[in-house]
Amino acid sequence: MTSSTTELRRREDTDLPARLAKSAATEQGAFLQTEHFDLWLTERWLANAFRVERIPFADLDLWYTEAGTGNIRHQSGKFFTVEGLKVDTATRSWSQPIIRQPEVGMLGILVKEFNGVLHCLMQAKMEPGNPNLLQLSPTVQATKSNYTRVHKGAKVKYLEYFAEGAQRGRVIVDVLQSEHGSWFYRKSNRNIVVEVTEDVPADDDFVWLTLGQVNALLHRDNLVNMDSRTVLSCLPAPGYAEPATEFQAALLASRDPHAGALSATPDVLSWFTGQRADHDIDVSRVPLGEVPGWIRTEDEICREDGKFFRCVAVRAIAGNREVTSWTQPLFEQHGRGVAAFIVKQFAGVLHVLVHARLEGGFLDTVELGPTVQCVPGNYHDAERPPFLDHVLSAEKSRIHYSTVHSEEGGRFLDTESDYLVVEADESFPTDVPPQYAWVTVGQLTDLLRHGRYVNVQARTLVAALNALG
């Protein structure tokens with residue numbers, strides 16, 4: 001009989017939820033007082049030159065319109081292309097421009113304990129599409145073309161902590177997640193959180209913040225960018241604290257795996273798998289110049305009726321980017337969107353109403369989205385999405401979260417949505433249409449350990465729920 005010296009490790013870090021809860025409860029960091037954050041951000045703004053201006057497509061540098069297709073491409077063959085997409089489902093068909101970016105992006109947050117409290121290394125990063133240009137981003141936010149330096153610019157700071165085979169810490173989260181399925185063709189980003197113990201000084205434009213500080217900033221309009229929000233949503237559910245309100249008690253119970261749920265997790269997974277299996281969809285890439293119902297002028301590609309979105313071009317200057325001046329196409333949404341979770345308590349446990357949502361750019365047909373996700377101005381009264389009016393007419397006392405967030409500023413120009421968490425009133429039905437389901441926050445967090453289950457708008461709302469207590 002042979003003996004083994006193999007050492008087994010714990011399958012789960014049982015201490016992590018309590019450490020996350022402690023960080024979330026710490027509202028002042030070891031390096032920056034929360035009330036001084038605005039001053040720090042202003043200093044970063046003043047230390048760099050930022051400017052964005054609209055330009056005609058003809059003035060795009062290193063980009064060109066491909067003969068024969070009308071597709072917009074970069075001369076390097078990298079970064080992304082703007083193409084056309086044709087989508088056919090059992091109930092409707094449409095065509096549209098789409099961004100095709102086959103490479104996987106890197107979204108990484110570095111965490112480290114200071115004075116016994118986890119802090120996140122966050123970056124003040126300029127993106128040309130951000131409404132206020134400068135927002136709080138992850139430690140690393142880069143496409144493969146960026147971090148392999150196709151642009152011949154400076155290297156991406158702190159990349160060595162996240163690059164494959166070079167990670168210098170303990171991985172807490174590492175999962176591929178989709179981006180906007182309405183505007184990206186099968187795009188994924190690697191969402192990764194790495195904890196380090198070594199000394200990691202914060203470079204210019206970077207700051208160590210507790211989760212409590214980041215959560216406080218999540219309540220402010222257009223401040224924490226989409227890439228930060230998606231990575232934060234993928235963290236394990238924090239441990240439990242003493243609730244201050246009935247709503248917080250129901251939210252904490254919703255994260256507790258022992259508190260129960262309307263549907264067991266295998267039933268939720270079975271419902272979701274059925275939704276994916278039952279949706280027949282045929283998606284094909286087509287030349288941008290042949291997308292019906294869309295017109296191209298010198299400075300925009302838009303629908304004939306002006307709805308949904310358009311493609312434009314910009315010139316950007318940013319003194320703190322790897323390349324300090326460049327041009328690129330961007331998508332611009334027509335009007336402000338609404339992304340909302342309707343929530344309801346069942347036996348003291350908060351449940352979220354999720355929607356199995358089909359979008360043309362998803363790799364796996366449908367993902368779980370918010371209860372409501374739309375731009376209201378795009379719809380006539382008879383076409384309005386389910387539950388939109390319930391969200392828009394909610395009494396103030398039932399709105400637990402309401403913040404304007406912009407979408408990814410590297411691809412979308414001034415594209416904002418009202419992100420809302422709305423508690424259902426007594427008249428709201430428990431029985432919902434088959435493409436909707438009630439799940440707990442804990443069940444949703446567990447699903448986020450898997451790629452392409454929960455869409456990017458719903459992930460922002462998970463981060464919002466975590467910021468509520």
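Below 30°, between 30° and 60°, or above 60°: for Trp183 and Phe412 the angle between ring planes is between 30° and 60°, a tilted geometry. In this pair, Phe428 and Trp438 present their aromatic rings perpendicular. The plane angle is above 60°, beyond the 30 to 60° band. Under the 30°/60° scheme for interplanar angles, the aromatic rings of Phe184 and His180 are found to be tilted. Ring planes of Tyr158 and Tyr161: tilted class, angle from 30 to 60°.
Exactly one of Trp326, Phe79, Phe80 qualifies for a ring-ring contact (aromatic ring centres under 6.0 Å, His included) with His74. That residue is Phe79. When Trp208, Phe206, Phe114 are each tested for a ring-ring contact (aromatic ring centres under 6.0 Å, His included) with His119, only one passes: Phe114.
Distance check, rounded to the nearest 0.5 Å: CD of Gln28 to CG of Leu209 gives 10.5 Å. If you take NE2 on His405 and CG on Leu461, they are separated by 8.0 Å, rounding to the nearest 0.5 Å. Separation of atoms OG (Ser188) and CD (Glu103) is listed at 12.0 Å; rounding is to 0.5 Å. Here the CZ-CD distance, from Arg100 to Glu83, works out to 5.5 Å after rounding to the nearest 0.5 Å. To the nearest 0.5 angstrom, Glu408 atom CD is 8.0 Å from Lys187 atom NZ. Taken to the nearest 0.5 Å, the CG atom of Leu358 stands 9.5 Å off from the OG atom of Ser182.
Counting only heavy atoms from C-beta outward, the side chains of Gln177 and Val456 never approach each other to under 4.5 Å. At a threshold of 4.5 Å between non-hydrogen side-chain atoms, the residues Lys344 and Leu353 do not count as touching. A heavy-atom distance below 4.5 Å is not found between the side chains of Tyr453 and Asp364. Between Tyr401 and Leu465 there is no side-chain heavy-atom pair separated by less than 4.5 Å. Here the side chains of Leu218 and Thr403 are not in contact, with every heavy-atom distance at 4.5 Å or above. Within the 4.5 Å cutoff, the side chain of Glu367 has no heavy atoms near those of the Arg357 side chain. With contacts defined as side-chain heavy-atom distances shorter than 4.5 Å, the pair Cys374/Leu388 qualifies. Counting only heavy atoms from C-beta outward, the side chains of Gln457 and Ser417 never approach each other to under 4.5 Å.
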Next item on the list: Would you sort out whether Gln373 and His355 count as a side-chain contact (heavy atoms from CB on, under 4.5 Å), showing the intermediate values?
Entry: CA-CA 9 Å; Gln373 178 188 320; His355 178 203; over 6 Å; no
Next item on the list: Output, in order, the C-alpha distance, side-chain angles, deciding distance and verdict of side-chain contact (heavy atoms from CB on, under 4.5 Å) for Val441 and Thr445.
Entry: CA-CA 6 Å; Val441 178; Thr445 301; 4.1 Å; yes
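Both tests pass for Arg229 against the ring of Tyr419: distance under 6.0 Å to the centre and angle within 45° of the axis.
Remark: side-chain polar atoms of Thr26 are not paired, donor with acceptor, to backbone N or O of Thr210 under 3.5 angstrom. When atom types are taken as modelled, the side chain of Arg315 and the backbone of Thr327 share no donor-acceptor pair closer than 3.5 angstrom. Judged by distance alone, the side chain of Thr371 and the main-chain N or O of Ile342 form a donor-acceptor pair under 3.5 Å. Side-chain atoms of Glu195 do not come within 3.5 Å of backbone N or O of Gly169 as any donor-acceptor pair. Checking side-chain atoms of His351 against main-chain N and O of Val349 turns up a donor-acceptor pair under 3.5 Å. With hydrogens and angles ignored, the 3.5 Å screen pairs a side-chain donor or acceptor of Asn48 with a backbone N or O of Arg44. The backbone N or O of Asp15 lies less than 3.5 Å from a partner atom in the side chain of Asp13, making a donor-acceptor pair. The main-chain N or O of Glu416 is found under 3.5 Å from a side-chain atom of Gln333 such that the two form a donor-acceptor pair. Although no hydrogens or angles enter the test, the distance criterion places a donor-acceptor pair under 3.5 Å between the side chain of Asn191 and the main chain of Asn189. Side-chain N or O atoms of Gln213 include none that pairs as donor or acceptor with a backbone N or O of Phe37 at under 3.5 Å.
For His334 and Phe309, the ring centers are positioned 6.0 Å apart or more.
Scanning both residues, Asn222 and Ser406, for their nearest heavy atoms gives OD1-N, 3.1 Å. When all heavy atoms of Leu363 and Arg186 are compared, the pair lying nearest together is CD1-CD, 3.6 Å. Pairing each heavy atom of Val173 with each of Pro236, the nearest pair is CG2-CD, 4.1 Å.
Side-chain contact annotation: Asp267 with Ser270, donor-acceptor N/O pair under 3.5 Å absent.
Summarising the local packing, CD of Glu27 is surrounded by 12 or fewer heavy atoms from other residues, nucleotides or ligands at distances under 6.0 Å. Enclosure of atom CD in Glu246 is not indicated, since only 12 or fewer non-hydrogen atoms of other residues, nucleotides or ligands lie within 6.0 angstrom. Within 6.0 Å of atom CZ in Arg170, more than 12 heavy atoms from other residues, nucleotides or ligands are found, so the atom counts as buried in its surroundings.
Ion pairing between a basic and an acidic side chain is recognised when a charged N comes within 4.0 Å of a carboxylate O; Arg411 and Glu179 show no such pairing.
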